[in-house]
Amino acid sequence: MANTPQSTGISRRSFLKGLGALAVLALPACRRAQQYAVEPEACPEWMLPGEATCYATAMPWASGAIPLLAICHNGQPVALQANPQYAATRPGVPAFAQAAILDLYDAARPSTPTRAGNPHPMQAIRNSLRAWGSLLKAGRNVAFLFPEGYSALRMAQVKELQQYPGAQCYAWDPAALPRPTGFAELEALQNAAFGPAVQFRTGFGTLAELTRALPQLDTLFIFTPADPAAFDADFAHALRHSRAETIRFCAHRPDTTAALCLYTIPQTHFLEEWGADADAAGNLCLRQPVTQPLRDALAEAEVLHALLRNGELPDTARKNVSTARAWLDTLMPDPQQALRHGILPQAAPAAENLPPLPAAPINYYLHPYYADGRFKHNLWLQETYLPLSGWAGAAEAFIPGQSTPCGISLRGRTLPAWQHPGLGSTWLPLQPEYLGARPQDIQQTAAPALPYSNTQTAPAANTTAPYTAPAQATGPQWAMLIDLSRCIGCGACTLACRAENNIPTVGAAEMRYGRDLQWLRIGRYLSPTGKLHYVPTACRHCEKAPCEAVCPVNATLHSSEGLNTMVYPRCWGTRYCAAACPYNARVFNFRDYAKQSRAQTHLPHNPQVTVRSRGVMEKCTYCVQRINAAADKKSGTPQTACQQACPTGAIRLVDLCSTTPPARTITAYDVPGTRPRTLYL
């Protein structure tokens, strides 16, 4: 009896409660955050309960927040997709927003604070925030440089900050600058990626005003994710010679501004924090953490709270909900319901349209993938071809002339250029290394060393032909409809395909050999008049597929639902199927790219899709995992990843048993005798 639980004073109920507490403590950081997050009312039709979870969130952006769904497997965020609640007002997800998931896991993000370039303990920063808050309340000159855009959470805290006479608020972001006009194709890409050029009236000062005020400041907090010191030489000079305590919060890799500041402090990724940001239409997009900070980092709202509340910050282990959540709850009458929708309609001021810039000898544009350069390190974006120019891995320039690729020499650097007919000026990416260029600085040179471009001549005749449906089948018969009149070549579909199907990066060296593994590419076809046409191309799922006839091990075969499928364990890598495919739609794993890519990006895999090994062929599957999941839920026709991401609705998965393709189907890009299931309109 001495060894019974009763004699030790521990009951069975207490023992089990203790095990439960230990289990909670053992949960990964992401799951601890998700116990405070709220799942949306409407999840995608392909998501099976217990296999994946999703949370409505949003990416803050200067011209309006981008609503998203964060898809999590095993408690870890693995992809960012379109929020169906916003499908009418903000369809699709731009490429750079999808690739932002890599920034969460980026090993080069700051992990510890620094002071004067040397490591500095976070506990000392916590103590300093208490001291900086005392300076603010004592009336000293304390300034804040915020991002552009409207954040209801920020505005509520700024309202309290401004009760102190020394508080000064400024905002700056190149993404909120007016844009030049005169290049219709590029304007379409920028609008698809960043939305129209708009600005929110917050009452904050400008960067020029901050530059003039810097000599009188005691403390300066810099929260903008852009790099003002790299873009503005006057601000950089003032920052370098300032006697104020300057504190740079880094959500991305350290930049020029960070190098000139006394302190650098890791800042949370938008998937690690609470927030409420307005889109351009005046809707308030709510964001919530789907993971605890993967590094010891602070959110902007937490820092402002600490300054206002005597240094009060979340505990180091973050066992409790962030202090920012309490501020968020004050902004809405029913927080739980609002978080389920992810949106508060018309709860923020609408943005004002910015007038276009006048024509100039050189016009600067936001790169559709790299923006103002802050995403140049992103591996997914580096290996995504910009269809307008046909290059990947470099920020392109556009110059007047004929539609042929070339290079330009600028300050000793050679970068790829696309000569576009009809341009009245030279267009350069809005990045620091190109600012201040003059027309005489630009010299046309030979093509650059990494030409990935493969422009083709458009077919002479786009003949239309009614599609003849297959014979009556017992199950669904899947096909893809692609409306070429809607495709603008934004590349969002290729990023979505990569994220959904565990397509690894291969590196610049392998890209030179043409070993890119992307299943979906956007072909560029040039008409005799010099106009570019974009044709999204992947496996066409032919009814009479040449690849199936030549495979010696029956690794590629036709399913009863009309899909051309791959059985990866059977594949020997003979590449007979690739040689037989007239659409060049198959790729081959020359190396163990999946292992290499995981080591570089640290991104968890989508467990619903097989991770392919070295030596096998792979290709588009019409997102068969989504088709099967939707069939299990009996939820009808699912959306493929590329369809979900497309901002113009150019791609659509259909069941031929219930949908008749339009009569405007064209056959110009078809090979006779193959009967492809991917139909162009």
Using a 4.5 Å cut-off on heavy atoms from C-beta on, say whether the side chain of [Y] contacts that of [X].
{"X": "Leu495", "Y": "Trp380", "answer": "yes"}
{"X": "Pro228", "Y": "Leu145", "answer": "yes"}
{"X": "Asp372", "Y": "Leu366", "answer": "yes"}
{"X": "Tyr105", "Y": "Pro77", "answer": "yes"}
{"X": "Tyr164", "Y": "Arg140", "answer": "no"}
{"X": "Ile66", "Y": "Phe270", "answer": "no"}
{"X": "Tyr263", "Y": "Glu245", "answer": "yes"}

Shortest non-hydrogen contact from [X] toward [Y]:
{"X": "Pro361", "Y": "Pro439", "value": "CB-CG, 3.6 Å"}
{"X": "Cys642", "Y": "Ile651", "value": "SG-CG2, 3.8 Å"}
{"X": "Gly149", "Y": "Thr202", "value": "O-CG2, 3.8 Å"}
{"X": "Leu354", "Y": "Pro178", "value": "CD1-N, 3.8 Å"}
{"X": "Arg287", "Y": "Thr57", "value": "CB-OG1, 3.1 Å"}
{"X": "Glu383", "Y": "Asp516", "value": "O-OD2, 4.3 Å"}

- Query: If you measure from the Lys or Arg side-chain nitrogens to the Asp or Glu carboxylate oxygens, is any gap between Glu185 and Arg524 under 4.0 Å?
  - Reply: no

Between Asp106 and Arg109, does at least one N-O distance fall below 4.0 Å, as a salt bridge requires? no

Main-chain N/O of [Y] paired with [X] side-chain donor or acceptor, under 3.5 Å:
{"X": "His533", "Y": "Leu484", "result": "no"}
{"X": "Gln162", "Y": "Lys159", "result": "no"}
{"X": "Ser425", "Y": "Asn363", "result": "no"}
{"X": "Gln98", "Y": "Val93", "result": "yes"}
{"X": "Thr246", "Y": "Leu220", "result": "no"}
{"X": "Asn191", "Y": "Phe194", "result": "no"}
{"X": "Tyr364", "Y": "Tyr434", "result": "yes"}

Please work out which of the three classes, parallel, tilted or perpendicular, describes the rings of [Y] and [X], given edges at 30° and 60°.
{"X": "Phe223", "Y": "Phe144", "result": "parallel"}
{"X": "Phe183", "Y": "Trp427", "result": "perpendicular"}
{"X": "Tyr370", "Y": "His367", "result": "parallel"}
{"X": "His305", "Y": "Trp327", "result": "perpendicular"}

Test salt bridge (Lys or Arg N to Asp or Glu O under 4.0 Å), reference Arg154, set Glu300, Glu273, Glu148, output is Glu300

Which of His377, Arg374, Arg253 passes side chain to side chain donor-acceptor pair (under 3.5 Å) with Asp103? It is His377

* For the rings on Trp132 and Phe221, is their centre-to-centre separation under 6.0 Å? -> yes

Pairs under 3.5 angstrom only: tabulate donor-acceptor contacts from the side chains of residues 204-215 to other protein residues two or more places apart or in another chain.
unit_1	atom_1	unit_2	atom_2	d
Thr206	OG1	Glu209	N	3.3
Glu209	OE1	Thr206	N	2.9
Thr211	OG1	Leu207	O	2.8

Residues passing the salt bridge (charged side-chain N to carboxylate O under 4.0 Å, His left out) test with Asp255, sequence neighbours excluded, are Arg248

Applying side chain to side chain donor-acceptor pair (under 3.5 Å) to Thr114 and not counting sequence neighbours gives Thr264

